[in-house]
Structures are given as structure tokens and as C-alpha cells.
There are 2 protein chains.
Amino acid sequence: MKNYSKYPKYLVAVDCIIFGYDIQKKILKLLLVKRSFEPAKGSWSLAGGFVKEKESLDEAASRILRKLTGISNVYMTQSLTYGDTDRDPGARVISTAYYALTGISAIDYELVKDNGAHWRSVDDLPKLIFDHPRMVKKALADLQNLVKVKPVGFELLPEKFTLVQLQELYEAIYQKRIDKRNFRKKILSMGILEKLEEKEKETSKKGAWYYMFNEERYLKLDRNGFSFNLDVS
Amino acid sequence: MKNYSKYPKYLVAVDCIIFGYDIQKKILKLLLVKRSFEPAKGSWSLAGGFVKEKESLDEAASRILRKLTGISNVYMTQSLTYGDTDRDPGARVISTAYYALTGISAIDYELVKDNGAHWRSVDDLPKLIFDHPRMVKKALADLQNLVKVKPVGFELLPEKFTLVQLQELYEAIYQKRIDKRNFRKKILSMGILEKLEEKEKETSKKGAWYYMFNEERYLKLDRNGFSFNLDVS
DNA sequence: CCAAAAGTGTTTTCTCTACACCCATGT
DNA sequence: ACATGGGTGTAGAGAAAACACTTTTGG
């Protein structure tokens, strides 16, 4: 082997699994698009695109997310890379999946609509192209494991949220009921939530106290060996 | 967008983080090679190579591992993909990292030597090229998380092993002492080990009973909702 | 008979689970 | 005054942690 010139080159893409939580309907959703080019034009697909000359994979994923939704500064993390020879019938494409977490309300609704994108409940997805179903399945499993062990659930909620809303989020992710008292005891005992002097009054007469995630507190605890853990009954 | 033709193409590689456990010395090692081509010829590197036209990423990783060590049928799993624009000074290369688990004694020693490869203790690694140090760091963290939650530790041991050896393996991975009685109680209570009527007599006069991992038993338990868990004190 | 490593149980502490009623308020 | 959703504590079971001595056998 002398140098790199004799080796083949391939198209390299990223595909984004964009999770959004619908706090009103209490369901976890995925942002999907109708593909605008061949092959499989018009089919449902994850948001994706090819990696440009001057950008890293991470940057490509951020660019695609931003173009579609108008948001940046979102929790986004790399999942697997899919490289089967025939995964895309158009050409050999190596695609790295990323998944992102956001609240649905944070999204620029007009932009999403203009891009032909739609939110779909994770347990009622349309048929997706290529190996995108595998990507989604893997990302969902990753997410379920991740929220147990890192405080990323808050990324799916607005900055201020009630404990009821937080619990509903976990119930939506796990697809399972959680005991209210145990959940509150556990999450509050971690000392990473801050209670505000303000109530959410839309959904009940009594109102529910707002809380915020205190990231500095979490980081400090984490450095001192504390580990976030939210296995739920 | 009409088709794929106007998008750039890149070299695509895989790099293998090959973990080996030295059961005699009780240390976790990595198989490293001296790079045989420019750039950075002669430097220490992970085993890697470019992906061929007719092979998937997984197949490329298996091929590279097999060529270097002579072994197949090894536990190997995909880690992250590294795609910074300047990660390889020779050209833009997108590289997917894989990590593999094996016992050092299972390896074809001659083949390894002929390939200029060497086993190095994970806590005494030489300077590695490019972003390979990041890859190693990430793979090590992945491994530590993985062995807690999946019975992959056995992949690093010979088929027959003693409980002492199993414990020493976990101590090497975690870099931490474990209580003997609690460890044995926990692992045996899972019911996935099979005691053989045979003792290992090299390391003590009394001898220690050999055990084997019973994979079918594990898979059955796993299907029934049991989850492997080995958080150690 | 002794050195060296293997093997073995019990008590205490902590964490997890199950479970039901009172509170605040808008209408 | 009542309907609606928010908020709270405790007892019992089970898991994790701490801990020290006995067994075997080759030399």
C-alpha cells in the first residue's frame, strides 16, 4: 500500500431521527419528510442529506436539522452508521444516523410545513424508505436506555415543566405507567430540579408547580461520582 | 435535487479496537499495528482499512480482524463513526470504529507477529495516530458499560474458566477491586454458568473448579424478561 | 505441617415497591 | 359544595454491602 488513491469512494450521508414530545397529547413523535428526489421520491423518509466537503458529520447533521426546523442548540447525538452495499438503490451510500431531542412547540411550524415535514407518533409510523425503519428502531432503543441514565428527558420538555408533565414524558417513552409518589420521591431526591414560585394553571384548578432542570447542579454532582438513575417501577 | 451525481464522495474506512484479555497477567490489552504506509508510516495505529466495493461496513471490519489475527466468529460491534474534515492528513476519510473482544490466547501468534502487530496494555498505550486515541477512549467506556449489562465478558476468556479468573477479568475492566463473596453469589445466582467436573490446577494446589457460560440458558432467561446485571461493589 | 489460594454465610443497611387519602381552587 | 387534578408518607420486602474463617493439597 503506497497511498490512498486506489481505493474506492462513496457518497456519505447523515439521517436524522428527530424526536419531539407533544406535551399536550402526551405522545412521542418523529419528524418525517416526503422525499423530494429519486429514487423513492414521494415516500416517507427521515430527514437526511449528503455530507459537504467542508463539514464534519456532526456539522452535516446540525445543518440538516436546522434547515428543516429552524432550531439549533438541540441535544443531538450519533447513533449507528449503516453501510450495507445495497441499502440505497440509487447508489452506494454510507449513512450515519443521528438522533435529536426537542419539544414540538420549540419548532418553527411554518418552516416545517414548507419543507413538507410532518410529526408522526412513534407508535403509528408510515412506511419508511430503505433501512430507515431499522434506524428508527435502534434510535428508540437507544433513547430508552439513555433516559434511564442521563438527564436528557428535559430536552424534550419546555424549560419550565411540572412534575406531572415530566412523569407523563417518561410514561410516553417507556410505554408504561409509573407510580406517582415513587417517581416524585426519586427525581426530587437527586437534587437536580429547581422549584419555581410559579404554577401551571391550564390543566387544573389547583395548579401544579413549575420546576426547572438545574444543569450546573447536575454537572457538579456528576463530577463527584453521583450517577443519574431513573429505573422506574 | 435531481439525483446523487453532484454530491462529493469520500474514502470510507473502518478501524478496529481489538480488546484482548491476558488471563495470566490479568490485564486488558489492545492489539495495535505499525502503520505500513504514508501518511504517518511507522506510527502506532489501530488496525484499519478501506471498505471495498462489494462489502458492507461490518464485513470490512471482520475482514480486517481476520487478516490480522486469523480469527473469525468473534464478538464485534460498531462504535462511533469519525468524520471530521481533517482527521486524516492524507485525504478526507470517514472512519467507522468497531470494537472486538477476544482472549489473547485465541489469537494466531505467528500471524500477528508477521503483521507487525503487538498487544499493549490499555493503561500503557503508545502514542496513536490521528483521532485513534479518542476512538480507544470511547470504546473503553462502551466496554465498561456493556459488561455491566450483557454477558460479553466471557468473550474475553477461554471457554472454560474459573470464578477467580472471571472476577479478575471484571477487576481489570473496571480497574477496581471486587468483593469475592458478593461477586460469586451474584453471578452464580443468575443461573447462566455451568460448573464442570474439572479443576484448574496451575495456579493453586487446591485447584479451582472450571465453569462455562451457558448461552442457551442465558438467551432463554433474557427472553423471559430477566436482565443481566453486574454492578459490582 | 505449613504456605497459598479457593471457597463459603450471616447480619446490617439501604433501596425499591406498594398503597390511599387530603388539598386547593374554579365553577 | 363539588368535581378535578395535585400533592403527600409509611411499612414491608428484597437487594446490596460489609465482613473473616475454613478447606484443600503440593511440597
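Per chain, numbering begins at 1; letters A, B, ... match sequence-line order.
For the pair W209(A) CH2 and dT8(D) C1', the interatomic distance rounds to 15 Å; values are reported in whole Å. Rounded to whole Å, atom P of dA18(C) lies 13 Å from atom CD1 of I178(A). The CZ-P distance, from R177(A) to dC19(C), rounds to 15 Å in whole Å. Regarding R184(B), its CZ atom lies at a distance of 15 Å from the C1' atom of dA20(D), rounded to whole Å. In this structure, NZ of K180(B) is placed 21 Å from P of dA16(D), rounded to the nearest angstrom. As rounded to whole Å, 9 Å separates atom P of dC19(D) from atom CG of D179(B). Between the NZ atom of K195(A) and the P atom of dG6(D) there is a distance of 14 Å, rounded to whole Å. Protein atom CZ of R181(B) is 14 Å distant from nucleotide atom C1' of dA16(D), rounded to whole Å.
Of the two residues contacting DNA chain C, namely K185(A) and K205(A), the nearest-nucleotide position lying further toward the 5' end is that of K185(A).
Between F213(B) and F161(B), the ring centre distance reaches or exceeds 6.0 Å. Between W44(B) and H132(B), the distance from one ring center to the other does not fall under 6.0 angstrom.
For K206(A), taking side-chain heavy atoms from C-beta onward, the closest of the listed nucleotides dT25(D), dG5(D), dA6(C) is dG5(D). Listed nucleotides: dA6(C), dG9(C), dG6(D). Nearest to the side chain of N182(B): dG9(C).
S121(B) and D123(B) are linked by a side-chain donor-acceptor pair at a separation below 3.5 angstrom, with hydrogens and angles left out of the test. Y82(B) and D15(B) form no side-chain donor-acceptor contact under 3.5 Å, judged by distance and modelled atom types alone.
Contact annotation: K201(A) reaches the phosphate of dG26(C) (side-chain N/O to OP1 or OP2, under 4.0 Å).
Listed by chain and residue number, K138(B) satisfy the salt bridge (Lys or Arg N to Asp or Glu O under 4.0 Å) test with D142(B) (two or more places apart in sequence, or in another chain).
Near-neighbour residues of DNA chain C inside residues 158-171 of chain A, defined by a heavy atom below 4.0 Å, are absent.
Closest approach of D22(B) to K25(B), counting heavy atoms only: OD1-N, 3.0 Å.
Seen from the ring of W119(A), K29(A) does not count as a face-on cation partner, given the 6.0 Å and 45° thresholds.
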